[in-house]
Amino acid sequence: MSVSRLSPSVSRPHEEQASPAVQSRIGIRDVTLSYGALQIIGGISLDIAPGETVSIIGPSGCGKTTLLRMLAGLARPTTGEIVLDGQPVSGPSRSVAIVFQDYGKALLPWRTAAGNVSLALEARGCPARERPEIIRDLLAKIGLSRHADKYPSEMSGGMQQRLQIARCLAQEPKVLLMDEPFGALDAMTRQALQDEVLALTAATGATMVFVTHDLEEAIYLGDRIVCLQPNPGRIGRIVDVRLPKPRDQLLTREDPEFLRLRRDLYDLIKDDHQ
Amino acid sequence: MNRLSFRKLALGVLTLVLFILGWKLVTDARLISPIFFPGPERTYAALVKGLSGGPLLAQTVETVERMLYGWLLASAVGVLLGALIGISRRARAFIAPTLELLRPLPASAMIPVAIAFLGFSDQMVLVVIAFGALWPMLLATIHGFAAMEPRLYEVSAVLGLSRFQVIWKLALPSAMPMILASLRLGLTISLVLAVVGEMLASRAGLGQSILAASRSFRSADLFAGIVILGAIGLCGSRLLSMAERRLLRWQAVHR
Ligand SMILES: Nc1ncnc2c1ncn2[C@@H]1O[C@H](COP(=O)(O)OP(=O)(O)OP(=O)(O)O)[C@@H](O)[C@H]1O
Ligand SMILES: [Mg+2]
């Protein structure tokens with residue numbers, strides 16, 4: 001794929017390529033993963049450009065989370081390799097943030113919402129006097145301003161999910177991996193956060209890999225949609241999303257192209273489930 | 001104070017009153033010779049006399065100091081050592097079995113060893129207290145670290161937290177409920193060993209005073225000492241409970 005396919009309206013201040021040879025931010029090269037004799041991922045190759053958003057869909061248990069974990073450096077491919085900016089990924093790093101699917105376990109129960117976001121700032125050595133303002137901004141972005149002093153045990157599932165997103169953003173990552181981050185949200189909050197995330201990636205030039213079960217969400221957010229098939233997990237099809245940017249909750253969803261994509265994907269998924 | 005805790009307090013006080021009444025009945029009926037078993041009034045009188053002008057106050061301070069120093073030493077060493085062992089899975093696998101083997105050793109068995117090295121001194125008693133009270137804290141810290149949510153280790157790796165930050169900001173707070181419970185246990189052990197140590201090494205304090213009272217058949221003084229020891233234990237454990245509630249505020253799910 002080529003970078004030029006991305007809409008020019010997307011500004012990418014971070015994007016100074018180290019060398020002309022580096023074309024993709026993330027390279028997935030013939031990756032397989034097995035637990036013992038059981039193959040979970042069976043040969044995936046994919047290049048993701050800087051600033052691109054790739055949606056991943058696929059039936060439950062097809063290996064979406066496993067793939068994200070490998071991209072984050074939390075799991076090692078059995079064969080093949082993952083490349084970030086031309087460098088093989090050998091472990092987790094601050095430049096790749098991941099929003100875990102099980103949001104309840106990923107938060108520190110003894111820290112308030114503000115404290116949880118602060119952890120990411122402390123980790124990257126952000127001076128203490130600069131933290132409150134950054135935390136306030138981030139919590140405002142994801143709509144948790146009024147809950148800064150609440151502990152996770154006092155927050156709803158959707159609030160915990162949003163808090164985890166805020167902490168990932170505080171990391172200022174180049175790559176944002178999201179594992180069904182909006183699963184526990186109501187429709188309105190969900191749409192607001194979709195736009196917020198798109199605005200953020202556009203402003204920072206972050207690359208995003210977004211796992212979702214919601215076809216419309218996959219289309220709305222993605223520059224491309226990767227459909228995984230199970231047993232073992234592999235790419236069934238890659239669909240380009242040629243919708244204008246910035247996306248708009250009403251206009252985009254009424255676009256004939258959007259409706260066509262939704263129909264295509266629906267048929268595809270239905271076939272997989274038979 | 002809400003109604004529930006008021007009722008709990010009232011019940012507690014009632015039980016105490018009943019206990020003292022029972023004690024009085026037993027002594028008044030002369031079931032046991034008053035030479036060995038004083039009634040509550042005589043004990044109270046000895047208590048007042050000992051605390052105002054008598055040696056009891058100074059002895060109490062001695063024992064409390066001894067207990068606190070030993071406990072603090074044990075806590076510091078226990079949590080520090082536990083953190084160093086607990087943070088590394090390999091160290092845990094290597095060292096934990098040995099610790100489990102050493103732990104059931106009664107601390108009193110250490111006393112002769114400590115005497116051999118340090119003689120009948122305050123340091124000897126301190127070492128015995130610290131050694132005996134060390135185990136709950138050490139093992140609670142190791143187990144607390146081991147029980148940390150694995151996802152949080154992954155979070156720390158992705159955020160790029162240093163090893164020290166992982167210990168200080170993730171593992172310690174996550175092990176805190178276990179550590180705080182062990183601190184309470186450790187304080188009780190410290191008190192017991194402070195008394196035993198004073199008796200064996202004849203260092204000043206409540207232990208020695210109780211022993212002396214019993215040898216000279218001053219049973220009221222003996223019981224006064226025991227009452228104070230009970231009060232020390234109660235206060236210590238209450239204070240730590242309060243600290244626990246404050247530190248673990250985040251745990252209460254529905255306040
Ligand atoms: N540690 C493990 N050991 C063995 N098998 C595992 C392990 N982790 C995951 N699996 C298996 O790998 C497969 C893919 O799991 P994964 O969590 O990646 O699926 P998923 O696509 O994210 O599913 P969902 O949509 O339900 O979240 C599943 O069949 C699961 O049983
Ligand atoms: Mg999953």
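Computed over heavy atoms, backbone and side chain alike; hydrogens, waters and symmetry mates excluded. Protein chains get the first letters and strands the later ones, always in sequence-line order, with residue 1 at the start of each. All of these numbers come straight from a predicted model, not from anything done at the bench.
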Review point. Are there more than 12 heavy atoms of other residues, nucleotides or ligands under 6.0 Å from atom CD of A:Glu133?
Key: no
Exercise for review: Answer with side chain, backbone, both or neither: which region of B:Glu154 has an atom nearer than 4.5 Å to a non-hydrogen atom of chain A?
Suggested key: both
Check your understanding: Does atom OH of B:Tyr69 have more than 12 heavy-atom neighbours, drawn from other residues, nucleotides or ligands, at distances under 6.0 Å?
Key -> no
Practice item. Sort B:Leu170 into side chain, backbone, both or neither according to what part of it lies under 4.5 angstrom from a heavy atom of chain A. Key: both
Point to revise | Pairing residues for A:His147 by the side-chain hydrogen bond (donor to acceptor under 3.5 Å, both in side chains) criterion, not counting sequence neighbours | key: A:Lys150
Check your understanding: Of the backbone (N, CA, C, O) and the side chain (C-beta and beyond), which part of B:Ser162 lies under 4.5 Å from a heavy atom of chain A, both, or neither?
Key -> neither
Practice item. Counting only heavy atoms closer than 4.5 Å, note whether A:Ala120 contacts chain B via side chain, backbone, both or neither. Key: both
**Study point:** The single option from A:Gln171, A:Arg124, A:Glu122, A:Arg94 passing side-chain contact (heavy atoms from CB on, under 4.5 Å) against B:Leu159
**Key:** A:Gln171
Check your understanding: What are the two closest non-hydrogen atoms of B:Leu152 and A:Leu107, and how far apart are they?
Key -> CD2-O, 3.8 Å
Point to revise | Residue pairs passing the ring pair (Phe, Tyr, Trp, His ring centres under 6.0 Å) test where at least one lies in residues 107-140 of chain A, sequence neighbours excluded | key: A:Trp110-B:Trp250
